[in-house]
Amino acid sequence: QVQLVESGGGLVQPGGSLRLSCAASGNIFSINSMGWYRQAPGKQREMVATISSGGIADYVESVKGRFTISRDNAKNTGYLQMNSLKPEDTAVYYCTADCMLRPGGPVFRYWGQGTQVTVSS
């Protein structure tokens, strides 16, 4: 059983910063990609950022230059540093981890429970 526990969401004023964390635990052999998705009310869930096991990052255009994804492989933890936040960044943010549970086994995507980020004055 794999669990992803997110933390760091909250209410912040426009222009402010937040740092989200995502800790993966359980019977994990290795984690391939980790990612962050978000879903705003009335909108589809969208990919915000992903990072490979080797540290290659990808971002949705709207957050480039403002958000930074990172990971600590020793701790099975991912992070999303969000700067210069805008009201349109308001959403529930979900982390993902693509986990291999045994050597050479299949990779499964796991999701966190979500954390609310609200950007408002």
Side-chain angles (χ1 to χ4, degrees):
Q1 188 76 3
V2 174
Q3 283 191 317
L4 303 185
V5 178
E6 299 154 354
S7 60
L11 172 65
V12 64
Q13 291 187 342
S17 298
L18 284 174
R19 188 191 195 209
L20 306 183
S21 298
C22 173
S25 63
N27 190 23
I28 300 170
F29 174 71
S30 66
I31 299 178
N32 294 354
S33 292
M34 298 188 78
W36 291 92
Y37 290 70
R38 67 186 179 186
Q39 187 166 22
K43 295 189 177 181
Q44 288 189 331
R45 187 173 297 187
E46 68 170 349
M47 184 276 288
V48 177
T50 62
I51 185 167
S52 70
S53 58
I56 305 298
D58 188 27
Y59 300 91
V60 67
E61 191 66 32
S62 60
V63 308
K64 286 181 179 178
R66 300 188 297 122
F67 291 11
T68 302
I69 189 171
S70 62
R71 60 190 288 173
D72 184 333
N73 292 331
K75 296 181 179 179
N76 283 346
T77 299
Y79 305 96
L80 185 67
Q81 177 67 44
M82 304 184 293
N83 298 329
S84 302
L85 282 160
K86 304 175 181 181
E88 51 264 43
D89 295 317
T90 295
V92 178
Y93 284 69
Y94 300 88
C95 69
T96 64
D98 295 344
C99 300
M100 186 181 295
L101 306 186
R102 55 180 174 84
V107 176
F108 299 99
R109 172 161 293 183
Y110 294 88
W111 290 79
Q113 80 283 0
T115 186
Q116 177 70 45
V117 171
T118 302
V119 185
S120 175
S121 55

Group every Ile, Leu, Val, Met, Phe, Trp and Tyr by side-chain heavy-atom contacts under 4.5 Å, then state whether [X] and [Y] land in the same group.
X     : Y      : value
Tyr93 : Val119 : yes
Val48 : Val12  : yes
Tyr37 : Val60  : no

| request: Determine whether more than 12 heavy atoms belonging to other residues, nucleotides or ligands lie under 6.0 Å from atom CD of Gln3. | output: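 Result for CD/Gln3: open.
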| said: Counting neighbours of CD on Glu88 that are heavy atoms of other residues, nucleotides or ligands and sit closer than 6.0 Å, is the number greater than 12? | reply: yes
Let me confirm one number: the [atom1]-[atom2] distance from [X] to [Y], rounded to the nearest 0.5 Å.
X      : Y      : atom1 : atom2 : value
Arg19  : Met82  : CZ    : CE    : 11.5 Å
Cys95  : Leu80  : SG    : CG    : 10.0 Å
Asp58  : Thr50  : CG    : OG1   : 4.5 Å
Trp111 : Glu6   : CH2   : CD    : 10.0 Å
Ile28  : Leu101 : CD1   : CG    : 7.5 Å
Met100 : Phe108 : CE    : CZ    : 10.0 Å

| query | Without hydrogens or angle criteria, can the side chains of Ser17 and Asn83 be said to hold a donor-acceptor pair below 3.5 Å? | reply |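 Yes - a donor-acceptor pair under 3.5 Å links their side chains.
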For [X] against [Y], the heavy-atom pair lying closest together:
X      : Y     : result
Cys22  : Leu4  : SG-CB, 4.0 Å
Ser121 : Pro14 : N-CD, 3.7 Å
Gly78  : Trp36 : O-CZ2, 4.0 Å
Ala91  : Ala40 : CB-N, 3.8 Å

| request: Evaluate the criterion side-chain contact (heavy atoms from CB on, under 4.5 Å) for residue pair Gln116 and Leu11; output intermediate values, then yes/no. | output: CA-CA 8 Å; Gln116 177 70 45; Leu11 172 65; over 6 Å; no
[Y] side chain reached by [X] side chain, heavy atoms, under 4.5 Å:
X     : Y     : answer
Thr68 : Tyr79 : no
Ser53 : Arg71 : yes
Leu85 : Phe67 : yes
Arg38 : Asp89 : yes

| Passing candidate, side-chain contact (heavy atoms from CB on, under 4.5 Å) with Thr115, options Leu18, Leu20, Val5 | Leu20
| said: Could you check whether any side-chain N or O of Tyr59 sits under 3.5 Å from a backbone N or O of Ile69, counting only pairs where one atom can act as donor and the other as acceptor? | reply: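 Yes; judged by distance alone, with no hydrogens or angles, the pair exists.
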